[in-house]
Amino acid sequence: MTAAATTETGARPPRAGRRSAPTWVGTVPFLAYTGVFLLLPTGIVIWNAFRRPTGGFTFSNISALNTSAVRTLFVGSLELCVISALIGAVLGAILAYAVASGRQDGVVRRLYLAGSGVLAQFGGVTLAFAFLATIGPTSGILFHASWFYDFPWGIALIYIYFQIPLMVLVFLPAIDGLKVQWREAAENLGGSTWHYWRYIGGPLLTPAFLGATLLLFANALSAYATIVAWEDQIAYVVPQQIGVALISEVGLVNFNQADALAFGMIVMVVIVMSGYFLLQRRAARWQR
Amino acid sequence: MAAVNEIPALGVPAEPQAPQGVRGLRASQRRRLNAFRYVAFTIFGLFFLLPLFAMIRFSLEGSKPGTWSVAAWKQIASYQGPPPLLPAIEITLELAVITSLVMLVLVVPTMIWVKLRVQWFSRVLEFLCLLPLTIPAIVLVVGLAPIYNRIERYNVSALMLFWAYVILALPYAYRALTAGLTAMDATTLSEAARSLGARWFTVMFRVIAPNMWQAILNALMLTVALVLGEFTIAYPLTYVNLQVELFSISRNTVNAGVLFSASAATLLVAFALLLILSYVGRRLRRGRP
């Protein structure tokens, strides 16, 4: 072992001496690409949010957000995200428990896991069409839902369709982490099912559940295609208005509104995701 | 030895009674649990499958309600609009190919190189690759707008969307490739190859990369699935891809049959890709003890 290590280190210097460029040069293409198309755009959003269209630093873009119209958008986003995240999280957790309590290599588990992987990604225009075909107010095959275009419940139902599978994917590892021995220990000590969930399972799963709910919240916050395909005449949530501002920006009408709104979204996402990572770290304690 | 024999000997008389009671309790619990599982699977299964079935049924609707016809499926290639569908399909397929290729060339060598030679960089790499998950695409597109203004001075083709699509696909590709890279002992492989006189180029492309072809395939399929469904970047930048065109058709012709057949077709392709992926992924995992 020691001998091998010595030969190893002994062999390195000549190699190192032969190379012409430092090793980090290999990362330059990747850094350049992500610099231009990921970091730069993010920077531009933050920069423009505090810049006058004519140049110079200002808070006026941000304070321009404090109108009743924009407040309605942020409240709308909050409503839709909270509703779809909470319902998605509860239903997803129930489904995850049903999946987890089956056989580890059972067909049902594999089917639901693969399906969840697909459906959690299945958003966008297509999903809105699918629901239009199912319960559209004039075209629904199942029934004609008069509330299909109601905000937030109509669109929340569509969002829940991709929130539940995401919850299953995120929450299943936490449920799998519950050890059978803990339940047996509780039963041996005379505890009932209620006792088990109230004092052991529940408290253990709470951080993971809350974390996953936050992730679902962020997921609903950034969804854009589905809600635009659902309704493109009225802007109910922030992403819709960003799209409108951006498209009308061709004529440089209200240049920095899109940036200010986008900055508002970045702030929300950063808060939510920080909460998610904190909770996730706490939840990971029991998932070994 | 004696102790080991003693315990079962002691346990034998107790066994018929105690576990019987426990097992009885378990059985009733099992029954309740199973009932709950079947109910849950049925309800959720219906919720997930009904919209898909409805979309396919709608796409097969004949000229009179209640009849069946494959006209809408034949229309996918020939739909004249407004707006016509075929050019958008072509653009999207080309975008899928270009995005996948750029992804391969940019990310695979970087990840292998970082794993082998620049390990201190791996945290930065992970951060950059997963960042697009946190920044919503609709926020990214706001910052991309001025950059695309520049690009359009040189090239106005919708194919230029690939620059942004590679970024969107980064997190998925990164996860898939990380799984492949950690599943093998890359360091030992590269040391073996190096000590046999291989150049770093040979190590990366003839030793490491072939050992993670399944992960590379995964990354490619995720990228293709993402490009097929992309709308958020293209639409605000007024580019036309498949999803944007479907959206325009839906605004011009309410409930056009081709809308549902094309949507269903896209979805079936994405399903097929991701199911192949989960199958390949399972074989990959099963191969490792």
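Sequence lines set the chain letters: A, B, ... in the order given, protein chains first and strands last, and positions in each chain run from 1. All figures in this text were calculated on a predicted structure; none of them were measured in a lab.
- If you tally non-hydrogen atom pairs under 4.5 Å between each of B:Leu106, B:Val118, B:Val102 and chain A, the highest count goes to B:Leu106.
- In terms of heavy-atom pairs under 4.5 Å with chain A, the best-connected choice from B:Leu125, B:Thr266, B:Leu237, B:Ile43 is B:Leu125.
- Going from atom CG of A:Leu119 over to atom CG of B:Leu52 covers 6.5 Å, rounded to the nearest 0.5 Å.
- For B:Leu140, the parts sitting under 4.5 Å from any heavy atom of chain A are the backbone and the side chain alike.
- The residue among A:Thr42, A:Ile164, A:Val238 with the most heavy atom pairs within less than 4.5 Å of chain B is A:Ile164.
- The distance from atom CG of B:Leu50 to atom OG1 of A:Thr134, rounded to the nearest 0.5 Å, is 7.0 Å.
- Side chains of B:Val142 and A:Asn48 form no contact here, defined as non-hydrogen atoms less than 4.5 Å apart.
- You'll find the side chain of A:Thr34 reaches within 4.5 Å of the side chain of B:Leu170, heavy atoms only.
- Side-chain N or O atoms of A:Tyr112 include one that pairs as donor or acceptor with a backbone N or O of B:Phe41 at under 3.5 Å.
- When A:Val28, A:Val270, A:Leu91 are compared by the number of non-hydrogen pairs under 4.5 Å with chain B, A:Leu91 comes out ahead.
- When each of A:Leu40, A:Leu221, A:Ile266, A:Val228 is scored by its heavy-atom pairs under 4.5 Å with chain B, the top score falls to A:Val228.
- Put simply, of B:Val107, B:Thr110, B:Ile56, the one with the most heavy-atom pairs under 4.5 Å next to chain A is B:Thr110.
- For chain B, the option among A:Gly26, A:Gly124, A:Gly136 with the highest count of heavy-atom pairs below 4.5 Å is A:Gly26.
- Considering only heavy-atom pairs separated by less than 4.5 Å from chain A, the leading option among B:Trp163, B:Phe36, B:Trp113 is B:Trp163.
- Between A:Gln240 and B:Ile138, every side-chain heavy-atom pair lies at or beyond the 4.5 Å cut-off.
- At least one side-chain heavy atom of A:Tyr33 sits under 4.5 Å from a side-chain heavy atom of B:Ile167.
- With a 4.5 Å cut-off on side-chain heavy atoms, B:Tyr148 and A:Pro41 do not count as touching.
- Residue contact with chain B, scored on non-hydrogen atoms closer than 4.5 Å, is absent for A:Asn219.
- Taking CZ of A:Phe37 as the start and CZ of B:Phe162 as the end, the distance is 7.5 Å to the nearest 0.5 Å.
- More than 12 heavy atoms of other residues, nucleotides or ligands shown are found within 6.0 angstrom of CZ on A:Phe143.
- In this structure the side chain of B:Leu116 never reaches within 4.5 angstrom of the side chain of A:Thr23, judged on heavy atoms.
- Here the side chains of A:Tyr224 and B:Val141 are not in contact, with every heavy-atom distance at 4.5 Å or above.
- Between B:Phe58 and A:Phe129, a ring centre-to-centre spacing not shorter than 6.0 Å is recorded.
- Judged by distance alone, the side chain of B:Arg37 and the main-chain N or O of A:Tyr97 form no donor-acceptor pair under 3.5 Å.
- Neither the backbone nor the side chain of B:Leu242 comes within contact range of chain A; no heavy atom of the residue lies under 4.5 Å from a heavy atom of that chain.
- Residue A:Leu38 touches chain B through both its backbone and its side chain, counting heavy-atom pairs closer than 4.5 Å.
- With chain B as partner, the option from A:Ser101, A:Ala128, A:Pro239 having the largest number of non-hydrogen pairs under 4.5 angstrom is A:Ser101.
- Using a 4.5 Å cut-off between heavy atoms, B:Phe121 touches chain A through its side chain atoms alone.
- Under a cut-off of 6.0 angstrom, the local environment of OH in A:Tyr196 is crowded, with over 12 non-hydrogen atoms contributed by other residues, nucleotides or ligands.
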